[in-house]
Q: 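Before we start, here is the structure in question, set down as structure tokens.
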Amino acid sequence: MHPAFASPADSIPITFVTKSTLDSALAALPPVADQFAKASGFAGKPGQHLGLPDAKGALTQVLFGIEEKDAAWHDPFQPGQLPGLLPAGIYRFANAPHDARLATLAFALGSYKFGRYRKIEPSRARLVLPHGIDAIEISRTAEAAFLARDLINTPSNDMGPDELAGAAKALADKFGAQYSTIVGDDLLKRNFPLIHAVGRASARAPRLIDFTWGNASHPKVTLVGKGVCFDTGGLDLKPSSGMLIMKKDMGGAANVLALAHMIMSAQLKVRLRVLIPAVENSVAGNAFRPLDIFPSRKGVTVEIGNTDAEGRLVLADALALADEEKPDLLVDLGTLTGAARVALGPDLPPFYTNDDMLADEVEIYARSENDPLWRMPLWPPYDSWLDSKVANLNNAPAGTFAGSITCALFLQRFVEHAKSWLHVDIYGWTPTAKPGRPEGGECQAARAVYKLLSARYG
Ligand code: BES
Ligand code: MN
Ligand code: ZN
């Protein structure tokens, strides 16, 4: 069980209160506690909390304000604030928040702290799992999110292509998956020219991580994650403001590993394959250059319009490999464009697919798991923007319009045989803390896609 959860004993009840239930909640308290709540100015505002003492001054009850159920919008993760607010102890939900399952998950997600580089005081507020909540499922979901966050939060000096491969191997070994890598110049010999071109300027060799798990006769689900361990932009160097958080540019890989963790731990009936092109987009004399032209694994030639559009290049070769075995479902996740943030902001990644049934399912599970995703179109009229005058394709169309769409259209050129393809342009980062979502690396899209897969193949 996840360490944020505990078994009954003498747990302290947490009562969820809205503005409309405040009066009845206070009336149900012992008179002294009612007085104390009023004297403290507790109004049941969303996020407001109050600990109530018994006659001896011990904490006996907690009130926590949440949004009205019929509010225009309420955050199902609001209870994720509780681990940060409450003193050490064992707590239980005295009444149901709007969604007890998501509130429980948020409690675990809100207890996350990144403690690799200094001593941290772990949250000592633990929760008794409410009735009817699947402890194993919630714990696996929280563990996966913690894995993604830890990988993203670890700075690039300790999370290069080699270390990312180490994390993938540890996961593969844990579940008995078949693991292999293709490293450095072997990428050229084995026909991954674009992964090599992007990663070759780094002192830390580029590589393609590849593991498979599960019964070969089950439907093939292949996950591809952008593993750019640091993105300087290459010779088209980013300004320092844009480069600052580029340790998170392996967020697609981190989330693919989180998703793989959930799939394998739940033993979904799939033949899983995970592919991660792991590179560092660096600057050196042997760096790839603007207007260089490379072959790709698929055979089409690619002109480099911008060395900072490197994510789509490494994904192109990995997607082409994935596509060769005609998977039933091919999913790629990556922190691909700033344009996706301009369109939808950090918390609402766009997804792309031509499979309308799949899109409907993604929308259902994005909503039910509070893992927001928003469909954007693979808009055919923009496909010609990828034309190059001298090669088959250009990786960065001139102009700045529809940047997330043109990136998706670029990737689509490398997917031909997969029965169904889903691409998510994630951010992988929470810029300012929100309930259940501490500042820093974030699990995005993995939870929604996992629930979709578990409904299909559970
Ligand atoms: N990793 C970045 C995208 C990114 C930037 C994600 C900032 C989140 C925040 C990606 O490699 C990139 O640099 N994309 C370019 C593409 C452009 C050169 C066509 C971008 O979005 O500016
Ligand atoms: Mn870039
Ligand atoms: Zn990048």
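One-based numbering along the sequence shown. Both counts, for ligands and for their atoms, begin at 1 and track the order of listing.
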Q: Under 4.0 Å from a heavy atom of E310: give me the atoms of ligand 1 that qualify, with their elements.
A: 11 (O)

Q: Will you find, in the side chains of Q178 and T212, an N or O donor that is under 3.5 Å from an N or O acceptor?
A: no

Q: Mind checking whether K226 has an N or O less than 3.5 Å away from an N or O of ligand 1?
A: yes

Q: When you measure from the side chain of S202 to the backbone of R204, do you find a donor-acceptor pair of N or O atoms at a distance under 3.5 Å?
A: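 Yes, the answer is positive, given that a donor and an acceptor are paired below the 3.5 Å cut-off.
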
Q: Take a 6.0 Å sphere around CD1 of I136 and say whether it holds more than 12 heavy atoms from other residues, nucleotides or ligands.
A: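 No, because the 6.0 Å sphere around CD1 of I136 holds 12 heavy atoms or fewer from other groups.
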
Q: May I ask you to decide if L235's main-chain N or O and R289's side chain share a donor-acceptor pair within less than 3.5 Å?
A: no

Q: Heavy atoms only, cut-off 4.0 Å: how does L336 contact ligand 1, side chain, backbone, both, or neither?
A: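 The part of L336 near ligand 1 is the backbone, not the side chain.
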
Q: Please check if atom CH2 in W385 has more than 12 non-hydrogen atoms from other residues, nucleotides or ligands closer than 6.0 Å.
A: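 Yes, enclosed.
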
Q: The test is side chain to side chain contact (heavy atoms under 4.5 Å, CB included); show your working for K174 and H261 and say whether it passes.
A: CA-CA 9 Å; K174 182 169 175 188; H261 171 93; 3.9 Å; yes

Q: Have a look at W421 and tell me which of V331, T222, D332 forms a side-chain contact (heavy atoms from CB on, under 4.5 Å) with it.
A: D332

Q: Which of the atoms in ligand 1, numbered in the order shown and given with their element, are less than 4.0 Å from a heavy-atom of M246?
A: 1 (N), 5 (C), 7 (C), 9 (C)

Q: Would you verify that at least one protein heavy atom lies under 4.0 Å from atom 22 (O) of ligand 1, or report that none does?
A: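 No.
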
Q: Using a strict cut-off of 4.0 Å, indicate which atoms of ligand 1 neighbour a heavy atom of G338.
A: 3 (C), 4 (C), 20 (C), 21 (O)

Q: How far is atom 2 (C) of ligand 1 from its nearest protein heavy atom, and which residue and atom name does that atom have?
A: D231 OD2, 3.6 Å

Q: Taking all non-hydrogen atoms of both residues, which atom of F16 and which atom of A96 are closest, and how far apart?
A: CD1-C, 4.3 Å

Q: Give, rounded to 10 degrees, the angle between OD2 (D231) and NZ (K226) as seen from the Zn ion (ligand 3).
A: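 Result: 170°, to 10°.
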
Q: Taking 4.0 angstrom as the limit and counting only heavy atoms of N306, give me the atoms of ligand 1 inside it, by number and element.
A: 18 (C)

Q: Would you call the rings of F410 and F414 parallel, tilted or perpendicular, where under 30° means parallel and over 60° means perpendicular?
A: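 Rings of F410 and F414: tilted, as their planes differ by 30° to 60°.
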
Q: Would you mind listing which atoms of ligand 1 come within a distance below 4.0 Å of any non-hydrogen atom of Y427?
A: 8 (C), 9 (C)

Q: Should the heavy atoms of other residues, nucleotides or ligands under 6.0 Å from NZ of K113 be counted, would the total exceed 12?
A: yes

Q: May I ask you to decide if N392's main-chain N or O and T301's side chain share a donor-acceptor pair within less than 3.5 Å?
A: yes

Q: Decide whether an N or O pair under 3.5 Å exists between R312 and ligand 1.
A: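 Such a contact does not occur with ligand 1.
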
Q: Quick one: does ligand 1 sit under 4.0 Å from the side chain of D308, the backbone, both or neither, non-hydrogen atoms only?
A: both

Q: Considering non-hydrogen atoms of the protein only, which is the closest contact for atom 1 (N) of ligand 1, and what is the distance?
A: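 Here the closest protein heavy atom is D249 OD1, 2.8 Å.
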
Q: Of all N, O or S atoms in E310, which has the smallest distance to the Mn ion (ligand 2)?
A: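 The atom in question is OE1.
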
Q: Tell me whether the count of non-hydrogen atoms from other residues, nucleotides or ligands lying under 6.0 Å of CZ in R367 goes above 12.
A: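 Count not over threshold, so no.
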
Q: Check D231 and report its N/O/S atom nearest to the Mn ion (ligand 2), by atom name.
A: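 Result: OD2.
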
Q: Quick check: does D249 put an N/O/S atom under 2.8 Å from the Zn ion (ligand 3)?
A: yes

Q: Test of understanding: given a 4.0 Å heavy-atom threshold, classify the contact between M243 and ligand 1 as side chain, backbone, both, or neither.
A: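 For M243, no heavy atom sits under 4.0 Å from ligand 1.
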
Q: Assess D249: does it contribute an N, O or S atom lying under 2.8 Å from the Mn ion (ligand 2)?
A: no

Q: If we only count N/O pairs under 3.5 Å, is K238 in contact with ligand 1?
A: yes

Q: Looking only at N, O or S atoms, which one in E310 sits nearest to the Zn ion (ligand 3)?
A: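 Nearest N/O/S atom: OE2.
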
Q: Flag T337 as yes when one of its N or O atoms lies below 3.5 Å from any N or O atom of ligand 1, and as no otherwise.
A: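 Between T337 and ligand 1, no N or O pair is found under 3.5 Å apart.
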
Q: How does M250 reach ligand 1, if at all, at less than 4.0 Å between non-hydrogen atoms: by side chain, backbone, both, or neither?
A: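 Answer for M250: neither.
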
Q: Hey, is ligand 1 close enough to K248 that some N/O pair sits below 3.5 Å?
A: no

Q: Yes or no on side chain to side chain contact (heavy atoms under 4.5 Å, CB included) for L378 and H423, after CA distance, side-chain angles and deciding distance?
A: CA-CA 10 Å; L378 288 152; H423 158 60; 6.0 Å; no

Q: Step by step, would you call L164 with M159 a side chain to side chain contact (heavy atoms under 4.5 Å, CB included)?
A: CA-CA 6 Å; L164 183 57; M159 189 51 64; 4.1 Å; yes

